[in-house]
Structures are given as structure tokens and as C-alpha cells.
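Data first, discussion second: the structure below is written as C-alpha cells.
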Amino acid sequence: MIVDDLPQFTQFQVDEQTHIVLDREVCKSCDHHACVHSCPANCYTLNEETNRVDVVYENCLECGTCQVICDKNAIDWSYPRGGYGVCYRLT
Amino acid sequence: MLKLSERKEVVPQNFDVIIVGAGPAGSMAALKLARAGLKVVVLERGRHPGAKNIFGGLLHNTPVLNEMLPAFWERAPLERHVFQKVLAFMTPTSAVSLTFETEGFDELPRNGYTVFRPVFDNWLAGEAVKEGAQLLCNCTVENLVKKDGQVVGVTVKGREGGLRSNIVIAADGVLSFLARQADLRQDFRVEDMGLGIKLLLGLPKETIDERFHLARDEGADISFLGTTDALRGGGFLYTNLESISIGMVVHLSSLKASGKSPYQVLDTFLKHRHIAKLIKGAVPLEYSAHLVPEGGIAAVPQVYTGGMMVVGDAAGLCYTNGINLEGINLAMTSGVLAAETAIQAIEARDYSAAVLSLYRQKLDDSFIIKDMKTFKNAVDMMHIERLFQTYPQIISAILEKIYRVEGTPREKIMKLGRKEALKKVKTKDLIADSIKVGRALL
């Protein structure tokens with residue numbers, strides 16, 4: 001699947017600091033985890049056993065889906081610092 | 001291109017206008033303002049204009065672009081001009097398509113061009129710089145600076161100080177944190193957003209010309225209905241010179257409720273027989289995604305306040321009626337209208353909401369708000385679930401009945417059409433859907 005090879009096609013200038021911060025306690029009690037399945041870059045993962053949500057900000061396409069789709073206010077999402085993050089060449 | 005040096009501090013400077021975002025709306029505003037001799041700066045968070053920008057692929061004919069940059073097509077980095085428009089209804093095993101071509105589309109100004117945003121946006125911002133606009137890349141605007149309730153500047157993430165201006169134009173895209181900060185809009189809602197995802201696939205020019213029956217720089221624009229695994233949305237395919245942009249836009253609320261992953265839906269779309277043969281042998285070049293404002297006129301926020309105006313996607317200026325999907329032309333036009341308003345405000349030395357309300361009036365008088373009002377009911381129509389799976393199936397079933405030869409007595413088209421439709425939809429739903437489609441388009 002295309003998303004598995006994402007970093008091969010799309011360029012990123014990875015910042016050392018994240019631009020996505022989760023409120024894990026809130027995520028634990030979430031009944032849909034829509035962020036996990038909706039993220040087009042597959043940045044979110046859910047550990048079914050512990051119910052813990054993790055996010056990999058390095059591959060974020062900055063589309064904004066997760067923070068709009070989260071109805072629990074558990075995702076603190078902002079644009080990366082200037083120059084960092086996804087860097088499209090063509091598209 | 002000017003870039004901010006490595007200094008951590010932004011030198012406090014006073015500008016006539018600060019524009020946040022070097023997309024099409026921001027750059028057109030900058031071009032207009034710079035030409036008027038005003039001191040204008042554009043703050044872009046990407047490493048270059050366009051680095052953060054994606055769209056399906058089509059730059060529509062935009063009279064204001066032709067006016068500001070006459071014969072831009074001779075200089076701008078364009079891919080193909082769109083000559084062939086196709087509307088395709090798909091089921092997992094069939095495809096029905098309607099193709100429209102006219103020699104008129106070969107005439108200048110062309111009806112639209114496929115472009116790469118990282119390339120086109122960079123070029124357009126460069127045109128504004130040539131006219132004297134200052135461009136600062138690598139600057140993510142974080143906060144608005146207010147004084148006496150009026151916007152008077154911005155701060156940049158990770159840097160001290162800020163920039164001051166008489167007017168701020170927020171061209172910061174669909175997720176306009178600035179419009180929200182200025183209390184011009186409510187929080188972003190899933191109901192008002194679509195998610196666009198796209199794959200750029202490389203193919204030799206000759207192969208594209210042959211597969212899509214194109215010559216010279218002619219291009220194709222194909223819209224697909226029924227390829228989104230029952231999600232409310234549609235697929236798209238645009239031909240570039242040596243690549244194909246293929247992807248889909250789905251309603252965020254529909255995606256959320258489905259539990260499906262967008263890339264899985266795209267994967268299924270790419271494997272459809274009809275699509276697989278079009279993209280055979282293609283090499284993936286880039287994958288991208290972004291939200292699209294899809295709430296229509298009802299979701300357009302307040303577009304001005306004291307010292308600030310909101311343009312383009314940030315102002316929700318985008319619409320689809322299922323056949324037309326326009327945004328970039330609305331964005332560029334709104335940028336110019338905001339710039340015109342800014343020029344008038346600066347002449348009058350009055351940056352109050354009362355003066356900037358002229359911008360909303362200009363939007364109302366332009367095709368932007370007129371078209372969004374004309375198709376205000378299309379938003380409702382686009383929420384008919386059956387449109388995205390059931391109706392394409394019915395269309396396919398009717399055509400199959402018409403074409404299949406079986407040695408059994410035939411029925412006239414109306415009769416067999418009604419029969420096929422009622423197999424899948426109840427009469428009352430059929431009537432309700434017809435009314436919605438009628439109200440939206442007819």
C-alpha cells in the first residue's frame with residue numbers, strides 16, 4: 001500500500017520538536033479513535049491491549065484531519081515551525 | 001527570494017500590509033498591493049511558496065489573473081491545458097462515462113491548466129516579489145497582535161518580536177488559525193470539511209497522450225463517482241505533461257463514521273480495472289493530503305474585522321456542485337478584492353471594520369459569492385449517501401440491460417429504468433433525492 005512507503009515519495013524536514021501533542025488520558029477513554037483510521041499518513045497507532053494512542057509526527061502531511069476529527073479536544077495540533085515539516089516538490 | 005536570516009529576532013518593522021500565506025490568494029493580494037506602491041510583506045511557513053500546498057490539479061481560467069499578468073501562460077510553469085472533461089460513474093465491476101471535448105477549449109485564454117502547486121505558487125509569489133513585495137519564507141505566524149481591539153500585526157513561531165502593519169490579510173489556508181483567533185469563525189467542524197488525498201504518478205508523455213487520446217499539451221480532467229467505497233466523495237484524475245494526479249476527496253464526517261482509512265479506499269480505487277489500465281507502469285512520485293473547505297456558503301466565516309481580512313480557503317471560498325469544483329480561482333480573485341479594499345483603506349487612513357466591510361461587499365458583487373449562493377443547495381445534495389454508490393450502480397444496471405442481448409423480449413428505456421431503480425431505492429427516497437438534486441442543480 002502506498003502509505004507504507006510514504007517517506008520515500010514525500011519529503012520531510014523533520015523538526016526535533018513535535019507539533020502534535022496528545023492528551024493520552026482522554027485518548028484512552030475515546031470510543032472511536034477516529035484519528036487512528038482517518039489519518040491519511042497513518043501517523044496514529046492504537047495499542048489494542050493498553051488502549052494507548054501513539055503518534056508519529058515525523059510523517060505528518062499537515063492536512064489537519066486529526067485535529068478536526070477529534071471531538072474530545074485531545075489533540076493539540078499546530079503548524080510546525082517555519083521551514084519544518086512536509087516539503088512538497090511537485091504534487 | 002528573500003529569506004529570513006538565522007537571527008532569532010524579527011526586526012520590528014512597519015508595513016502597510018502583512019499577508020500570511022504565499023498561496024494563490026496571498027500572492028495575488030501581494031502583487032496588487034506592491035503594484036500600488038505599498039509596503040507589503042508575505043510570510044510563508046514553507047521553505048518556499050507552495051511547499052505546503054496541494055490541490056487536485058486544475059488551475060481554472062481566472063479573469064483577474066489574466067488581467068494582472070497578461071499572457072501569463074507564456075511564462076508560468078503550466079502542465080497541460082484541459083481539453084477533455086469526463087464524468088465517470090463507477091461500480092466495482094463497471095464504468096459509465098460521459099466525455100466532453102470542444103475545440104473551443106483550445107482557444108486562448110484556456111479554460112484551465114493542470115499545474116504543480118509547489119511550482120506554480122512559487123512562480124506566482126515571485127511575480128509579486130518582482131513588483132516589490134517582500135517575501136519571508138520559513139515563517140509560521142503564531143499570533144495576531146491586537147491594539148484597542150484592532151489587529152495591528154503578527155508574531156512568528158520560535159522568534160521574538162513581531163511585525164506590525166496597518167492591515168493583516170489572512171491567506172493561511174483552510175485551517176485558518178488566524179480567523180479563529182480573531183473570533184471571525186467558530187471552531188473547525190467535520191461537517192464543513194473534505195479530505196483530499198492524492199498520488200502523483202509518473203508516466204512518459206507519449207503514453208499519456210495515447211491512453212487519454214490527447215495531442216500536444218492537451219489534458220484530461222476526469223471526475224469519478226462511485227469509487228469511494230460508499231464514502232460521500234469522489235475521485236479525480238488529471239493529466240500533467242509527464243505524470244498523472246489521481247486521488248479523491250471525501251467528506252470528513254463520512255470518513256469519521258465509516259471507520260475506513262483513506263489510503264485503503266484510494267488503494268481499492270487504483271486497483272479498479274478501469275483505473276489500473278490507465279495508470280499501468282506508472283511510477284509513484286509523491287503522495288499528499290489536505291483538507292478542503294466544503295461547507296459552502298453557510299460555512300463562510302466573517303471575512304473582516306478591524307485591521308484584518310480573510311481570503312481564499314481561509315475564508316471558506318470554495319464550492320462544489322458535483323460537477324464543478326472551484327477554489328483556486330475564487331482564492332485569487334478574493335486576494336485581489338481584499339487588496340483593492342486595503343488600498344482604499346490606506347488612502348483613507350482608516351483600517352476599521354466599517355471600512356474593511358467593503359471587502360465583503362466586493363465579494364458579494366463578484367462571481368465568488370454569487371456562484372456559492374447559486375449552488376447553496378448543492379451542499380445538501382452532496383450529503384445524499386445513495387449518490388455515491390447506489391445511483392452509479394443503477395446507471396450501470398440500466399446500461400447493462402440496454403446493451404445485453406439475451407434473446408428475451410426487451411422493454412422500453414423508461415420502464416426498465418424505473419424497474420432497475422426500484423430494485424435499489426424506495427420510491428419515496430427516489431422522489432426525495434430527485435428534489436434535492438433538482439434544487440441543487442436545475
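Below, all heavy atoms of this structure are taken into account, side chains as well, without hydrogens, waters or symmetry copies. Just so you know, these numbers come straight off a predicted model, no measurement behind them. Every chain is numbered from 1, with letters handed out A, B, ... down the list of sequences.
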(message) If we check side-chain hydrogen bond (donor to acceptor under 3.5 Å, both in side chains) with T91(A), which of these qualifies: S245(B), S243(B), S288(B)?
(response) S288(B)
Please classify the contact between [X] and chain B as side chain, backbone, both or neither, with a heavy-atom cut-off of under 4.5 Å.
X	result
C35(A)	neither
Q67(A)	side chain
H33(A)	neither
I69(A)	both

Is it the side chain or the backbone of [X] that comes within 4.5 Å of chain A heavy atoms, both, or neither?
X	result
D187(B)	neither
L195(B)	side chain
D172(B)	backbone
I54(B)	both
V115(B)	backbone
Y287(B)	both

(request) Please step through side-chain contact (heavy atoms from CB on, under 4.5 Å) for the pair K52(B) and V86(A), ending with a clear verdict. (result) CA-CA 7 Å; K52(B) 303 288 184 180; V86(A) 69; 4.1 Å; yes
(request) Evaluate the side-chain contact (heavy atoms from CB on, under 4.5 Å) criterion for residues Y88(A) and F116(B): first the C-alpha distance (whole Å), next the side-chain angles of each, then the deciding distance (0.1 Å), finally the verdict. (result) CA-CA 10 Å; Y88(A) 293 124; F116(B) 294 139; over 6 Å; no
(message) Minimum heavy-atom separation for R47(B) and G83(A), please, with both atom names.
(response) CG-O, 3.3 Å
(request) Identify the two heavy atoms, one from R89(A) and one from P118(B), that lie closest to each other, and give their separation to 0.1 Å. (result) O-CB, 3.3 Å
(message) Please determine whether a side-chain nitrogen of the Lys or Arg among R45(B) and E62(A) lies less than 4.0 Å from a carboxylate oxygen of the Asp or Glu.
(response) yes
(message) Evaluate Y79(A) against L175(B) for side-chain contact (heavy atoms from CB on, under 4.5 Å), listing each step before the verdict.
(response) CA-CA 10 Å; Y79(A) 285 126; L175(B) 289 177; 3.6 Å; yes
(message) Under 3.5 Å, is there a donor on one side chain and an acceptor on the other for S38(A) and K260(B)?
(response) no
(request) Give a yes-or-no answer on whether the side chains of Y263(B) and N42(A) include a donor-acceptor pair shorter than 3.5 Å. (result) yes
(message) Shorter than 4.5 Å, heavy atoms on both sides: which option in A41(A), P40(A), C39(A) has the most such pairs with chain B?
(response) P40(A)
(request) Please round to the nearest 0.5 Å and tell me the distance separating atom CZ of F9(A) and atom CG of L199(B). (result) 7.0 Å
(message) Working note: K256(B) + D71(A), criterion side-chain contact (heavy atoms from CB on, under 4.5 Å); need CA distance, chi angles, decisive distance, verdict.
(response) CA-CA 11 Å; K256(B) 183 179 181 180; D71(A) 47 31; 2.6 Å; yes
